[in-house]
Amino acid sequence: MVSQPFRLDAFGREHHRSEMTATAPPQAQKYMEIALAEASEAALRDEVPVGAVIVDSHTREVLATAGNRTEELKDATAHAEMLVLRAAANTYGGTRLVDCDLYVTLEPCAMCAAAISMARIRRLYFGASDPKSGGVENGPRFFTQPTCHHKPDVYGGIDELRSRRMLQEFFEARR
C-alpha cells in the first residue's frame with residue numbers, strides 16, 4: 001500500500017494528505033521491497049531492521065543497497081541511509097546524487113536527513129514514521145529548517161505497516 005501522510009515541496013512547505021497533488025510512483029513499491037529485504041537481513045545480523053536503496057531516477061538502475069550495520073561496524077553513523085549514500089556516491093562517481101531517489105524503511109533521523117540534503121537526493125521515500133528519533137516529519141524536521149540547503153520531495157508511508165511491524169517484532173523479541 002502506498003500512502004502519503006506528509007510531503008515537503010521544493011520550498012519546504014509541508015503538505016498533508018488532503019493537500020497533496022503528487023503521488024508516489026508505482027515503482028515505489030518495487031524499490032521498497034528491496035529496502036525491506038535489506039532490513040530483514042539487518043535483523044538477522046542483530047541490527048535494528050532498517051534497509052535503504054538508492055535508484056537512478058532516469059535509468060531506474062539500483063545503484064546501492066544497504067541495511068543498518070551500527071553494531072557490526074561499531075559505528076554510530078553506520079545507518080542504512082549513510083551506508084547507501086556512500087556506496088551510491090562511489091558508484092555514481094560523485095557526492096551529489098541529484099538524479100537519484102532514496103527508499104528507506106524508516107523515517108530518517110536528523111543525521112541522515114542532513115546527509116540526504118548534502119547529497120542532493122531528488123526524492124525521499126520512507127516506510128514507517130519515527131516519532132522518537134525521526135528527523136523529517138518528526139523531531140527537528142530537518143528539511144523545513146532555513147539552514148537546509150536542499151529539500152528533496154518527501155513521500156512517507158510507503159509500505160508503512162510492514163516496515164513498522166518488522167521493527168516492532170525486532171524490539172519485542174529483545175524485551
Side-chain angles (χ1 to χ4, degrees), residues 2 4 6-15 20-39 41-42 50-70 73 75-130 133-159 163:
V2 176
Q4 296 177 280
F6 172 85
R7 180 176 172 266
L8 296 177
D9 66 16
F11 302 103
R13 293 181 301 232
E14 183 175 319
H15 297 276
M20 287 188 207
T21 56
T23 58
Q27 70 268 15
Q29 186 64 43
K30 169 186 169 183
Y31 298 119
M32 190 55 76
E33 288 291 334
I34 298 168
L36 284 162
E38 286 291 332
E41 290 293 319
V50 177
V53 177
I54 291 188
V55 177
D56 182 303
S57 64
H58 296 298
T59 65
R60 303 219 193 288
E61 175 188 359
V62 173
L63 299 177
T65 64
N68 275 356
R69 291 187 180 272
T70 58
L73 299 176
D75 179 356
T77 69
H79 292 195
E81 300 96 322
M82 300 296 280
L83 297 173
V84 81
L85 285 167
R86 289 177 192 137
N90 286 331
T91 301
Y92 210 62
T95 59
R96 296 199 177 190
L97 304 171
V98 294
D99 292 322
C100 296
D101 299 337
L102 171 62
Y103 297 81
V104 62
T105 58
L106 181 65
E107 174 188 352
C109 68
M111 172 185 69
C112 292
I116 290 164
S117 176
M118 293 298 198
R120 307 298 198 264
I121 289 292
R122 183 182 80 126
R123 289 187 179 145
L124 166 64
Y125 299 90
F126 70 87
S129 64
D130 188 352
S133 300
V136 176
E137 70 177 67
N138 292 288
R141 296 180 172 209
F142 186 83
F143 301 132
T144 65
Q145 300 304 314
T147 55
C148 178
H149 297 292
H150 172 75
K151 299 162 177 66
D153 288 333
V154 176
Y155 299 84
I158 312 296
D159 218 338
S163 296

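Predicted model only: the values in this text are computed from it and were never measured.
- By the 4.5 Å heavy-atom criterion applied to side chains, Val55 and Cys100 are not counted as neighbours.
- Using a 4.5 Å heavy-atom cutoff, the side chains of Ile54 and Thr91 are not in contact.
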Note to self: Please determine whether side chain to side chain contact (heavy atoms under 4.5 Å, CB included) holds for the pair Met32 and Thr105, giving the CA-CA distance in whole Å, both sets of side-chain angles, and the decisive distance to 0.1 Å.
What the structure shows: CA-CA 7 Å; Met32 190 55 76; Thr105 58; 4.1 Å; yes

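- For Met118, the CE atom is loosely surrounded, since the number of other residues' heavy atoms within 6.0 Å does not exceed 12.
- A 4.5 Å side-chain heavy-atom check between Tyr155 and Leu124 finds every atom pair outside the cut-off.
- Between the side chain of Ser163 and the backbone N or O of Leu106, no donor-acceptor pair lies under 3.5 Å.
- The CG atom of Leu102 lies 6.0 Å from the CG atom of Leu85; values are rounded to the nearest 0.5 Å.
- The nearest pair of heavy atoms linking Thr95 to Ala89 is CA-CB, 4.3 Å.
- Residues His150 and Pro152 approach most closely at O-CD, 3.7 Å, considering heavy atoms.
- Closest non-hydrogen pair, Ala64 versus Ala88, comes out as CB-N, 3.7 Å.
- Closest approach of Gly51 and Glu38 over heavy atoms only: CA-CB, 3.8 Å.
- By the side-chain hydrogen bond (donor to acceptor under 3.5 Å, both in side chains) test, Asn90 is found to be paired with no residue, residues two or more places apart in sequence or in another chain being considered.
- Judged purely by atom type and a 3.5 angstrom limit, Gln145 uses its side chain to pair as donor or acceptor with the backbone of Pro140.
- Residues Val154 and Val136 have side chains in contact (heavy-atom distance under 4.5 Å, counting atoms from C-beta outward).
- Every pair tested for ring pair (Phe, Tyr, Trp, His ring centres under 6.0 Å) that includes a residue from residues 77-101 fails, sequence neighbours excluded, so the list is empty.
- Atom OH of residue Tyr103 and atom OG1 of residue Thr65 lie 14.5 Å apart, to the nearest 0.5 angstrom.
- Between the side chain of Asn68 and the backbone N or O of Ala42 there is no donor-acceptor pair closer than 3.5 Å.
- Minimum heavy-atom separation, Ala113 to Gly135: CB-O, 4.2 Å.
- Remark: Cys109 SG to Phe142 CZ distance equals 11.0 Å, nearest 0.5 Å.
- Residues Ala78 and Leu73 share a closest heavy-atom pair of CB-CD1, 4.0 Å.
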Notebook entry, point to check: Does the pair Ile158 and Tyr31 meet the rule for a side chain to side chain contact (heavy atoms under 4.5 Å, CB included), with working shown?
Noted result: CA-CA 10 Å; Ile158 312 296; Tyr31 298 119; over 6 Å; no

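- At a threshold of 4.5 Å between non-hydrogen side-chain atoms, the residues Val62 and Ile34 count as touching.
- Sorted by first and then second residue, the salt bridge (charged side-chain N to carboxylate O under 4.0 Å, His left out) pairs with a member in residues 77-99 form an empty list; sequence neighbours excluded.
- The salt bridge (charged side-chain N to carboxylate O under 4.0 Å, His left out) pairs that include a residue from residues 107-124 are Asp101-Arg122, Arg123-Asp153, where partners are two or more places apart or lie in different chains.
- The side-chain hydrogen bond (donor to acceptor under 3.5 Å, both in side chains) search around Gln27 returns none, not counting sequence neighbours.
- For Ser117, there are no side-chain hydrogen bond (donor to acceptor under 3.5 Å, both in side chains) partners at least two apart in sequence or on another chain.
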